[in-house]
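Down below is the structure, laid out as structure tokens.
Numbered from 1 within each chain, the chains take letters A, B, ... in sequence-line order.
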There are 2 protein chains.
Amino acid sequence: MQKKVTIYDIAREAGVSTATVTRVVAGHPSVKAATREKVQRVIDAHAYSPSASAQHLEGGQTRTLAMIMPGVQNPYFARIYATAYAEAQAHGYYVWLFQIGEHNPISGELVDELIRRRMDGVLFAGGIWSTRRSGLAEAVARFRHHMPVAVVCPPSMELDCICIHSDLVSCSRLPVRHLHALGHRRIAYIGGSMQLEDTSRRGEGFLEELRALGLADDPAYHVDTGFDAEGGERAVLRMLSGLPRKRWPTAIIAFNDQVALGAMRQLKQMGLRLPEDMAIIGCDNQFFCPYVDPALTTVDLHPEEMTRSAVRELLVAREGGAQSLTLMREASLIVRESCGTALGYRHLG
Amino acid sequence: MQKKVTIYDIAREAGVSTATVTRVVAGHPSVKAATREKVQRVIDAHAYSPSASAQHLEGGQTRTLAMIMPGVQNPYFARIYATAYAEAQAHGYYVWLFQIGEHNPISGELVDELIRRRMDGVLFAGGIWSTRRSGLAEAVARFRHHMPVAVVCPPSMELDCICIHSDLVSCSRLPVRHLHALGHRRIAYIGGSMQLEDTSRRGEGFLEELRALGLADDPAYHVDTGFDAEGGERAVLRMLSGLPRKRWPTAIIAFNDQVALGAMRQLKQMGLRLPEDMAIIGCDNQFFCPYVDPALTTVDLHPEEMTRSAVRELLVAREGGAQSLTLMREASLIVRESCGTALGYRHLG
DNA sequence: AGATGAAATGTTATCGGTAACATATCTTTG
DNA sequence: CAAAGATATGTTACCGATAACATTTCATCT
């Protein structure tokens with residue numbers, strides 16, 4: 001690590017003014033070839049490159065979008081991040097990721113930090129944000145004084161910013177209808193957390209759909225145990241052990257694919273055959289879905305598309321476009337093996 | 001978005017000098033309570049916060065570490081990133097993630113950008129870096145002129161920086177010995193890519209170990225088809241369809257857990273029972289390992305520990321500590337169901 | 001050769017902060 | 001009450017770059 005070298009050092013050593021160095025660095029054509037070469041040699045010799053901070057101070061942009069999410073260890077968010085990164089890059093921007101964990105509110109310090117660092121925009125991702133306790137509304141309000149904000153999440157409270165929502169109605173309706181059409185009448189819902197608005201909303205959508213089909217919405221068929229595979233295991237154990245065998249559900253809808261995975265494990269452990277004895281539907285269409293046994297039927301919320309829209313709208317907003325709008329994306333059901341076929345369920349009729 | 005407000009605006013409106021504003025912001029005790037309050041009110045009213053760029057320009061650090069890796073969609077790297085983020089945060093630093101994809105060399109522009117942005121250090125992660133074609137050596141050399149560098153990866157070429165390696169010997173030996181002890185004699189290795197130094201090294205370590213145990217290292221037992229589940233599927237299909245049934249391996253070691261997952265799927269599809277007809281060992285101990293069927297035996301490289309060391313050493317280096325050193329971490333075998341037990345394999349003896 | 005205009009390069013104010021140093025305002029005390 | 005010392009606040013050079021504007025150099029043409 002050599003001492004830091006500034007544009008003045010280069011200018012002095014090359015025997016030119018700083019303006020000429022700037023011109024050489026910027027590739028401005030008005031520099032004589034001989035001068036350019038001379039300066040470039042000095043630049044190379046010292047591995048000089050201009051300070052982004054100084055450039056930014058002098059009227060520049062940071063060309064950076066901040067992305068705030070629970071965490072990238074959840075493959076769903078990893079997909080969102082990767083998409084945002086690629087989309088931003090295509091527009092000449094960088095994305096800086098900040099993860100705050102699945103249960104923490106958005107800290108005021110983080111908001112401060114990002115304002116101080118003069119991000120060109122902020123992207124939120126995550127269902128968790130919907131909670132009032134998350135402080136999302138406050139964070140958005142504070143950011144909005146300084147930069148455009150986009151939120152990729154399920155619909156929740158009204159937010160005065162760019163909101164890209166997934167359609168929770170289709171997200172609940174699709175799997176319930178599918179199971180109903182296959183003959184299922186006792187359908188359970190596991191995972192998520194009633195404390196978090198998003199996940200409870202999804203639960204509500206599920207219940208509404210059941211009622212619409214004239215099915216019982218037995219509270220025993222609803223266990224919220226979080227977002228990971230271990231939670232899925234626990235949910236199944238708790239639900240089935242609290243119920244006489246004849247009242248067991250014949251199908252389970254999981255909050256996400258990890259929860260479904262854990263549920264499948266536990267069900268097998270209890271000696272059930274999948275999908276014959278229990279149908280399962282996950283959510284998020286994660287990479288492992290086609291590879292587990294049975295291959296997992298799931299709901300795709302199309303986070304990539306939503307994220308791309310969010311990035312684009314954010315950049316449009318930067319250029320003076322709409323600072324506040326709402327877009328909604330429908331979900332799709334990806335049918336694999338974990339629900340079997342109608343045929344396999346004849347006996348349920 | 002209001003017009004950007006500077007320290008001068010605050011000073012003027014509060015009727016004090018900029019120095020006083022700085023003092024209030026920094027919480028310096030020498031400001032009279034009345035003044036502090038007056039200034040704070042103006043700050044709050046305008047949602048003012050000092051520009052990090054200006055602060056950095058004036059002697060400050062960026063308190064930012066850059067992390068360069070293939071991509072966070074691979075759960076192995078997601079773990080590494082999350083660990084680095086947490087560890088850095090504990091020391092008051094932020095981590096900025098840059099992903100370059102699994103097959104791209106490290107671009108010169110990225111290196112430039114990070115030098116321009118005056119990162120306080122760079123962290124590389126990923127086996128892929130080991131390839132000469134990746135340009136890792138050049139990138140490290142360029143960074144080293146400006147900041148300390150740490151690399152978390154398998155051992156590869158000599159790098160003049162902080163190198164945190166996993167022990168490929170234990171990584172190969174552990175699964176092979178385990179399978180051998182269970183009675184397996186025909187052991188295959190799938191996944192990875194011979195073009196990438198790391199993965200071919202792991203393949204070599206595997207072969208060496210086979211030879212050490214006096215087993216044949218049949219090239220038909222080695223198929224490299226990449227890093228994901230789909231590659232695992234392909235590998236199994238290609239390997240088994242090219243071999244008469246009696247020469248089929250009785251165990252497969254996969255490059256990573258995703259590859260193992262794909263392989264399991266394909267094996268089941270071909271009617272094999274797991275683990276009775278085929279034992280499988282993965283690598284990375286990813287979250288889904290305990291939940292697939294059968295639960296996947298795997299190797300844990302302990303990326304978290306390595307990453308924590310890397311971050312710590314990087315920060316030590318910043319303070320003038322060693323800029324170049326090498327640490328090596330042994331791997332562990334995590335035994336689950338996918339190899340069965342010795343008993344189950346009696347017939348193999 | 002001298003005028004003219006284009007091309008190449010230099011000078012300097014500016015961006016938004018910080019902190020060393022200077023100054024002004026209070027207490028305290030003989 | 002004046003002097004001394006402590007406390008609070010102000011002034012200003014500087015950090016590293018950029019770009020508007022000024023100046024110099026050079027080729028071209030009458």
Check: Do Phe143(A) and Ile68(A) pass the side-chain contact (heavy atoms from CB on, under 4.5 Å) test, and can you show the C-alpha distance, the side-chain angles, and the key distance before you say yes or no?
Finding: CA-CA 12 Å; Phe143(A) 277 126; Ile68(A) 304 181; 4.1 Å; yes

Whole angstrom value for the distance that separates [atom2] of [N] from [atom1] of [X]:
X	N	atom1	atom2	value
Arg117(A)	dG17(C)	CZ	C1'	16 Å
Ile43(B)	dG17(C)	CD1	C1'	13 Å
Lys4(B)	dC15(C)	NZ	C1'	8 Å

Distance-only criterion, 3.5 Å: show the donor-acceptor pairs between side-chain atoms of residues 308-316 of chain B and protein atoms not counting sequence neighbours.
from, atom 1, to, atom 2, distance (Å)
Ser309(B), OG, Glu305(B), O, 3.1
Arg312(B), NE, Glu87(B), OE2, 3.1

Note to self: Checking side-chain polar atoms at under 3.5 Å, does Arg117(A) have a donor or acceptor matched by the opposite partner on Thr64(B)?
What the structure shows: yes

Item checked: Side-chain donor-acceptor contact under 3.5 Å, Gln55(B) with Arg116(A) -> yes

Margin query: For Leu57(A) and Tyr8(A), find the nucleotide of DNA chain C closest to each by heavy atoms; which residue's nucleotide sits nearer the 5' end?
Written below: Tyr8(A)

Margin query: What contact category does Glu58(B) fall into here, base, sugar-phosphate, or nothing, at under 4.0 angstrom with non-hydrogen atoms?
Written below: base

Next item on the list: Under 4.0 Å between any heavy atoms, over every strand shown, what does Arg116(B) touch: base, sugar-phosphate, or nothing? Just pick one.
Entry: nothing

Margin query: For chain B and DNA chain D, what are the first and last nucleotides along the strand, 5' to 3', with at least one atom under 4.0 angstrom from a heavy atom of the protein chain?
Written below: dA8(D) to dA17(D)

Check: Hey, is Arg144(B) close enough to Asp160(B) for a salt bridge, meaning N to O under 4.0 Å?
Finding: yes

Margin query: One thing to verify: whether Arg41(B) and Asp44(B) come together as a salt bridge, which I'm taking to mean a side-chain N less than 4.0 angstrom from a carboxylate O.
Written below: no

Filtered N/O pairs between nucleotides 9-12 of chain C and protein, under 3.5 Å:
from, atom 1, to, atom 2, distance (Å)
dT9(C), OP1, Thr35(A), OG1, 2.2
dT9(C), OP2, Lys32(A), N, 2.9
dT9(C), OP2, Thr35(A), OG1, 3.4
dG10(C), OP2, Ser17(A), N, 2.8
dG10(C), OP2, Ser17(A), OG, 3.3
dG10(C), OP2, Thr20(A), OG1, 2.9
dG10(C), O6, Arg23(A), NH2, 2.6

Check: Given Asp112(B) and Arg142(B), is the salt bridge (charged side-chain N to carboxylate O under 4.0 Å, His left out) satisfied, shown in steps?
Finding: CA-CA 9 Å; Asp112(B) 276 344; Arg142(B) 288 193 54 204; 2.5 Å; yes

Notebook entry, point to check: Are Tyr94(B) and Leu65(B) side-chain neighbours, meaning at least one heavy-atom pair lies under 4.5 Å?
Noted result: no

Notebook entry, point to check: When the nearest nucleotide of DNA chain D is assigned to Gln55(A) and to Ala54(B) on a heavy-atom basis, which residue is associated with the more 5' position?
Noted result: Ala54(B)

